[in-house]
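Computed over heavy atoms, backbone and side chain alike; hydrogens, waters and symmetry mates excluded. Remember, it's a predicted structure, so these values are computed and weren't measured experimentally. Note on naming: letters A, B, ... go to the chains in the order of the sequence lines (proteins, then strands), and numbering restarts at 1 for each one.
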2 protein chains.
Amino acid sequence: MPDKYRSPPPTLPPEQAQAERFEKARSAQATAVLEDYAELISDLIATEGEARPTDIARRLGVSHATAIKSIARLKREGLATSKLYRGVFLTEAGENLARRSRARHRLVVDLLVAIGAPRAAAEADAEGIEHHVSDETLAAFARYLNRK
Amino acid sequence: MPDKYRSPPPTLPPEQAQAERFEKARSAQATAVLEDYAELISDLIATEGEARPTDIARRLGVSHATAIKSIARLKREGLATSKLYRGVFLTEAGENLARRSRARHRLVVDLLVAIGAPRAAAEADAEGIEHHVSDETLAAFARYLNRK
DNA sequence: TTCGAAATGTAGCCGAGGCTACAAATATCC
DNA sequence: GGATATTTGTAGCCTCGGCTACATTTCGAA
Ligand SMILES: [Mn+2]
Ligand SMILES: [Mn+2]
Ligand SMILES: [Mn+2]
Ligand SMILES: [Mn+2]
């Protein structure tokens, strides 16, 4: 089969490739809140025995009304449940998200520190960066930290 | 002056420190769109001679109506100007933002690649990560790349 | 020069995630 | 047990950044 009949290489026009990168960043942003809540709820249950909306709100630095609305979204998406005045619980899917998010969060902090960022900056920046690190990049982080 | 009369160390309660990290991430997110637009408009003017709303929209993967609305925000915040049917231009402040954003974007991609992330993943992830890298962390990135 | 295509702008809708203010339920303390 | 404080929930508002649909302006080609 001569070259002229082969399908073209899957190299997207650079314009479209750029649009896809922006798309991906937007979609990562859309799940950032869910990841932060799942991670935090899991932490609160582990350390305090329960995750109450008021504590979640204080830790996040938002009003309790905002926290309750976001918790409603977690429930809507099947990540959490809650009984009236009984705190918030994670479903199996929520636990999984929390676990993955916590692991990624830690790896990001560790990598930033290993590169030479001040601890405080690393911890602050990781809170936003974590939501945009793909599995491939995360794997590279892990390899790098092991090598060191 | 005995220790007991010194003001306490500026070590915030960990709860409040966490809230501040989340707050910082939220505020970084609020400027992400401005940074992406500024960088893109600057690139378009450099490579195409002009930055038209339609081209901006296609590059970002959004509708032209969305692009126009975001451009309105850039104008509102003193970062851009535009004449009807004459494309978009950056103010001095806009140029500065574009320059800083582009430099940060490149450094982030370079660092991810240096760590061992696949090029495509590095470029995709950088589009989101860049908005959360503080000056201190950025400086650490630069030092690391120079050392190598 | 005219007319159709392309670009630009406007209007109106949506959901997410902020907020304040108020209402109701529960917990706590005397 | 009853008053008070805390927690939780609801209602209603805002901005941002998505979208579609439609109107208008400019451009380009016949
Ligand atoms: Mn996190
Ligand atoms: Mn986070
Ligand atoms: Mn960028
Ligand atoms: Mn970006």
Can you tell me if Ser82(A) uses its side chain to pair, donor with acceptor, with the backbone of Gly87(A) under 3.5 Å?
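Absent.
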Categorize Arg58(B) for me: base, sugar-phosphate, or nothing, with a 4.0 angstrom heavy-atom threshold over every strand shown.
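Answer is nothing: Arg58(B) stays at 4.0 Å or more from every strand.
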Might you point out which heavy atoms bring Arg104(B) and Val133(B) nearest each other, and give the distance in Å?
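Closest pair (atom of Arg104(B), atom of Val133(B), distance): CD-O, 3.8 Å.
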Linking Ile, Leu, Val, Met, Phe, Trp and Tyr by side-chain heavy atoms under 4.5 Å, what else ends up with Tyr85(B)?
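Noted: Tyr85(B) shares its cluster with Leu84(B).
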What's in the same ILVMFWY side-chain cluster as Val113(B), cut-off under 4.5 Å, chained through other members?
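Answer for Val113(B): Val109(B).
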Apply side chain to side chain contact (heavy atoms under 4.5 Å, CB included) to residues Glu136(A) and Asp125(B) and explain how you reach the verdict.
CA-CA 10 Å; Glu136(A) 286 158 296; Asp125(B) 295 2; over 6 Å; no
Rounded distance (Å) that lies between atom [atom2] of [N] and atom [atom1] of [X]:
X	N	atom1	atom2	result
Arg86(B)	dT25(D)	CZ	P	15 Å
Leu84(A)	dG9(D)	CG	P	5 Å
Ile71(A)	dT10(D)	CD1	C1'	14 Å
Ile68(A)	dT6(D)	CD1	P	17 Å

So, are Glu127(A) and Lys24(B) salt-bridged, with charged N and O less than 4.0 Å apart?
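So Glu127(A) does not pair with Lys24(B) through a salt bridge.
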Between Arg119(B) and Glu123(B), does any side-chain N to carboxylate O distance fall below 4.0 Å?
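Result for this pair is yes, salt bridge flagged.
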Using the ring-ring contact (aromatic ring centres under 6.0 Å, His included) criterion, which residues pair with His132(A)? Sequence neighbours excluded.
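ring-ring contact (aromatic ring centres under 6.0 Å, His included) list for His132(A), sorted by chain: His132(B).
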Verify the cluster assignment for Leu34(B) and Leu44(B): are they in a single hydrophobic cluster under the rule of side-chain heavy atoms below 4.5 Å apart?
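Linked within one cluster.
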Are Tyr144(A) and Ile129(B) grouped together when hydrophobic residues (ILVMFWY) are joined by side-chain heavy atoms under 4.5 angstrom apart?
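Per the 4.5 Å side-chain linkage, Tyr144(A) and Ile129(B) are co-clustered.
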Considering only heavy atoms of chain B and a distance under 4.0 Å, specify the first and last nucleotide of DNA chain C in 5' to 3' order that meet this criterion.
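From 5' to 3', the first and last contacting nucleotides are dA7(C) to dG18(C).
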With a 4.0 Å heavy-atom cut-off, tell me which residues in residues 37-55 of chain A come close to DNA chain D, sorted by residue number.
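Going residue by residue through residues 37-55 of chain A, the ones with a heavy atom under 4.0 Å of DNA chain D turn out to be Arg52(A), Pro53(A), Thr54(A).
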Between Thr66(B) and dG17(D), does any side-chain N or O lie under 4.0 Å from OP1 or OP2?
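No.
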Start at the 5' end of DNA chain D and walk down; is the nucleotide closest to Gly87(A) or to Gly61(B) reached first?
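Looking at DNA chain D, the more 5' nearest nucleotide goes with Gly87(A).
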Would you tell me whether Arg143(A) and Asn146(A) have side-chain atoms, one donor and one acceptor, within less than 3.5 Å of each other?
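On atom types as modelled, these side chains do not qualify, holding no pair under 3.5 Å.
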Below 3.5 Å between N/O atoms, which protein atoms pair up with nucleotides 13-16 of chain D? Just atom names and distances, please.
from: dC16(D); atom 1: OP2; to: Arg76(B); atom 2: NH2; distance (Å): 3.0

